[in-house]
There are 2 protein chains.
Amino acid sequence: MYSQELLKGTLQTIVLSLLAENQRMYGYEITQHVKDKTAGEIQLTEGALYPTLHKLEAEGFLTTEKVSIGKRVRKYYSLTEVGNKQANDKVNEFRRFSETMNDLLNSFNPNPELQWLS
Amino acid sequence: MYSQELLKGTLQTIVLSLLAENQRMYGYEITQHVKDKTAGEIQLTEGALYPTLHKLEAEGFLTTEKVSIGKRVRKYYSLTEVGNKQANDKVNEFRRFSETMNDLLNSFNPNPELQWLS
DNA sequence: AATGATACATAAAACAATTAGGTATAAGCG
DNA sequence: CGCTTATACCTAATTGTTTTATGTATCATT
């Protein structure tokens, strides 16, 4: 697990990119997906996730549909057209950002695993 | 300029890594250094920087010395031994984090610039 | 019957960063 | 000389996100 502070500001990006990949997901599924794909290194808390989903919906990036599973109601989220564009923008921005940061940090103690590049 | 939200949680890492690289820097110098090295893409605000420097000092990661430049007083910050270790830890953590994030985001719309890798 | 997993949600508190302000010296320019 | 920009420090109020804590309820397993 990373110190959670690094995660700040990346939650929307994560959610949008997963939805771009999977078309339709529900909240709990998103948390599990992230946990699995990152070997538990990133764990979304529900207290952060649900408000974010609601916000993205209110902003027009997501739409919802409720599906009954037995007596439970699952709430599926999908990207709108604008949301799809937003997903692209956010993912690209993160990539650019992480490159910039890594350049900045590489001046000091270059990553041993990248030594062979130079 | 990136949307500032991505910067959240990285400020300490940036400050610590620059000090590991330069031995001795003052606040204003740090802001300029970051701005120059990132072509203006990352700009630290003073309202965020100074409290962070004070906090890192209070936590024992930094020491200060005041130097008079004419009538002005510059406050130089240096890493303590613990601070040096912390710099390493923080930088490594960021690197691991950005790798994890990029893996997570790469499932969707893999970065065209990395296509040749696969 | 109890526990853990699934599945949604909100509200109070904590925390970091932005915004906006304050002080002061030094340098450059018309 | 006066104005503006750059240098250089700082803090306080507000904003915004996340954590922590809590609540509800179904379903599966032991």
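Quick note on labels: first sequence line is chain A, next is B, and so on, each numbered from 1. Predicted, not measured: the structure shown is a model, and the values here were computed from it.
Nearest-nucleotide positions on DNA chain D for A/T52 and B/L53 put B/L53 closer to the 5' end. Comparing A/T10 and B/Y28 by the nucleotide of DNA chain D whose heavy atom lies nearest to each, the residue mapping closer to the 5' end is B/Y28.
Put simply, CD on B/E29 is 15 Å from C1' on D/dA6, counting in whole angstrom units. When rounded to the nearest whole Å, the span between NZ of A/K66 and P of C/dA9 equals 7 Å. In this entry the distance linking CG of A/L7 with C1' of D/dT17 reads 11 Å, nearest Å. Note: CG (B/L6) to C1' (D/dT17) measures 13 Å, nearest angstrom. If you measure from atom CD of B/Q32 to atom P of D/dT5, you get 16 Å, rounded to the nearest angstrom. As rounded to whole Å, 10 Å separates atom P of D/dT18 from atom CG of A/L44. Atom P of nucleotide D/dT7 and atom CD1 of B/I30 are separated by 15 Å, given to the nearest angstrom.
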Quick test: give all pairs of protein nitrogen or oxygen and nucleotides 14-16 of chain C nitrogen or oxygen below 3.5 Å, distance rounded to 0.1 Å.
unit_1, atom_1, unit_2, atom_2, d
C/dA16, OP1, B/K55, NZ, 3.0

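Phosphate contact (OP1/OP2 of D/dC9, side-chain N/O of B/Y50, threshold under 4.0 Å): present. Phosphate contact (OP1/OP2 of C/dC8, side-chain N/O of A/H54, threshold under 4.0 Å): absent.
A donor-acceptor pair under 3.5 Å is absent between the side-chain atoms of A/T63 and the main chain of A/T80, judged by distance alone. Side chain of A/E29 to main chain of A/Y26: a donor-acceptor pair is present (N/O by atom type, distance under 3.5 Å, no hydrogens or angles).
Partners of B/K85 according to the salt bridge (Lys or Arg N to Asp or Glu O under 4.0 Å) rule, which considers only residues two or more places apart in sequence or in another chain, are B/D89. A/R24 pairs by the salt bridge (Lys or Arg N to Asp or Glu O under 4.0 Å) definition with A/E65, not counting sequence neighbours. Considering only residues two or more places apart in sequence or on other chains, A/E57 meets the side-chain hydrogen bond (donor to acceptor under 3.5 Å, both in side chains) condition with A/T64. Every residue two or more places apart in sequence or in another chain that forms a side-chain hydrogen bond (donor to acceptor under 3.5 Å, both in side chains) with B/Y76 is listed here: B/R74.
Contact annotation for A/G47: base contact, defined as any heavy-atom pair under 4.0 Å involving a base atom.
B/V73 and B/I30 fall into different hydrophobic clusters, where Ile, Leu, Val, Met, Phe, Trp and Tyr residues are linked whenever their side-chain heavy atoms come under 4.5 Å apart, directly or through other members.
Here D/dC10 is the nucleotide among C/dA7, C/dT18, D/dC10 with the atom lying nearest to any side-chain atom of B/K75.
Taking every heavy atom of both residues into account, A/L53 and A/G27 meet most closely at CD1-CA, 4.0 Å.
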- Contact letters for nucleotides 23-30 of chain D, in which S counts primed atoms plus P, OP1 and OP2 and B counts the base, heavy atoms under 4.0 Å: ---BS---

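Ion pairing between a basic and an acidic side chain is recognised when a charged N comes within 4.0 Å of a carboxylate O; A/K37 and A/E21 show such pairing.
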